[in-house]
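This report concerns only the one structure given below.
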Amino acid sequence: MEHIGALQAVVTADEYDREPTAAELDAIELESPLILAEVDLLDAQIATLDRTPTELDARRIRRARNRVLTARRDLVNRTFGVTGGVA
C-alpha cells in the first residue's frame with residue numbers, strides 16, 4: 001500500500017508557499033487607502049465598545065465612515081478607468 005501524504009503535500013504546498021505575484025501586489029497597493037480607512041473606522045468603533053460614546057467619539061466615527069466612503073468611491077473610479085468600464 002502506498003502512502004499518498006507526500007504526494008498530496010507536493011500538490012497543495014505550491015499554492016500556499018508562493019510569493020505574491022506582481023498583479024496581486026499592485027491590487028493591494030491600489031486598495032491600500034481603503035484598507036487604511038477601514039482600519040481607522042474599526043479603531044474608532046473599538047474605542048467605544050466599553051463605554052458610552054461621547055460627542056467626540058461620534059464625530060470620530062462619522063469622519064472615519066466618510067473617509068471609508070471616499071476611499072471606496074476613489075477606488076471604484078480608479079478601477080473603472082483601469083478596466084475601461086467593462087463589468
Below 4.5 Å, heavy atoms only, C-beta onward: do Arg73 and Thr70 meet side chain to side chain?
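They are in side-chain contact.
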ILVMFWY cluster membership beyond Leu42 - transitive side-chain contacts under 4.5 angstrom
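Answer for Leu42: Ile46, Leu49.
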Could you tell me the separation between the [atom1] atom of [X] and the [atom2] atom of [Y], rounded to the nearest 0.5 Å?
X: Asp40; Y: Ile35; atom1: CG; atom2: CD1; answer: 12.5 Å
X: Thr21; Y: Asp26; atom1: OG1; atom2: CG; answer: 8.0 Å
X: Arg67; Y: Leu36; atom1: CZ; atom2: CG; answer: 11.0 Å
X: Thr48; Y: Asp43; atom1: OG1; atom2: CG; answer: 11.0 Å
X: Leu75; Y: Leu30; atom1: CG; atom2: CG; answer: 5.0 Å
X: Asn66; Y: Ile61; atom1: CG; atom2: CD1; answer: 12.0 Å

Go through the steps for Glu55 and Arg60 under the test side-chain contact (heavy atoms from CB on, under 4.5 Å), then give the verdict.
CA-CA 9 Å; Glu55 180 61 33; Arg60 181 178 176 211; over 6 Å; no
Can you list the steps and then say if Arg65 with Glu38 is a salt bridge (Lys or Arg N to Asp or Glu O under 4.0 Å)?
CA-CA 8 Å; Arg65 275 193 194 124; Glu38 288 176 338; over 6 Å; no
Of all heavy-atom pairs between Ala71 and Ala37, which one has the smallest distance, and what is that distance?
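Answer, listing the atom of Ala71 first, then Ala37: CB-CB, 4.3 Å.
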Going by an N to O cut-off under 4.0 Å, is there a salt bridge joining Arg51 and Asp57?
yes
Glu31 bridged to Arg78 by N-O distance under 4.0 Å
no
Inspect the surroundings of CD in Glu24 and state if more than 12 heavy atoms from other residues, nucleotides or ligands are less than 6.0 Å away.
yes
